[in-house]
Trainee: 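Have a look at the structure that comes next, please.
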Amino acid sequence: MTRLVLTSRENWQHMTHAYRTDLENLPPMWFRRFVMAEVGGLPDGTPVYPSFIERVHVRETVLIPDRPLVRFWDFGLRPPACLWAQQDDPRRLYVHHEWLPFEVPEIQFIE
């Protein structure tokens, strides 16, 4: 597995001075995410998927015996996550388990 990290500074010379100044003055969590291309949350706690409704999208799941169990790694907008999921015939994705190790450093989480 290869992880490429391209920071906003890779494109620094093509940005205006005013825009670079705005980026430099972002709150620390936003700076880490949007400038340094590292894991970081959204300060206001809003969902990444705006149409998410917990009572609609969260239910108990059951393993599907004849389907592969897939593990996903997410290093996106929020803290890192590891998901175990399966897809059924109508192509719905069932996320059986999500691990959000807030108390574990990222390197230890990956290991």
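Index from 1, following the sequence. Everything numeric in this text was worked out from a predicted model, so none of it was measured. Any value given below was found using the heavy atoms of this structure, including those in side chains, with hydrogens, waters and symmetry copies removed.
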Trainee: Got L63 and Q86 here, is their nearest side-chain heavy-atom distance under 4.5 Å?
Mentor: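 Yes, their side chains come closer than 4.5 Å.
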Trainee: Drop me the distance from H17's NE2 to W12's CH2, to the nearest 0.5 angstrom.
Mentor: 10.5 Å
Trainee: May I ask whether I64 and W84 are part of the same hydrophobic cluster, defined by side-chain heavy atoms of I, L, V, M, F, W, Y residues being less than 4.5 angstrom apart, directly or through others?
Mentor: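 No, it is not one cluster - the side chains of I64 and W84 are not joined through contacts under 4.5 Å.
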Trainee: Would you compute the distance between atom CG of L23 and atom OG1 of T7 and round it to the nearest 0.5 angstrom?
Mentor: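 OG1 of T7 is found 10.5 Å from CG of L23.
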Trainee: For V70, what are the other residues in its hydrophobic cluster, where any two members join if their side-chain heavy atoms are less than 4.5 angstrom apart?
Mentor: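 Result for V70 is F72, L83, L93, V95.
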Trainee: NE2 of H14 to CZ of R20: how many Å apart, nearest 0.5 Å?
Mentor: 11.0 Å
Trainee: Shortest non-hydrogen contact from T61 to Y94?
Mentor: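 Smallest interatomic distance, heavy atoms only, reads CG2-CD2, 3.9 Å.
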Trainee: Please report the interatomic distance CH2(W99) to CH2(W73), rounded to the nearest 0.5 Å.
Mentor: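 One finds 7.0 Å between CH2 of W99 and CH2 of W73.
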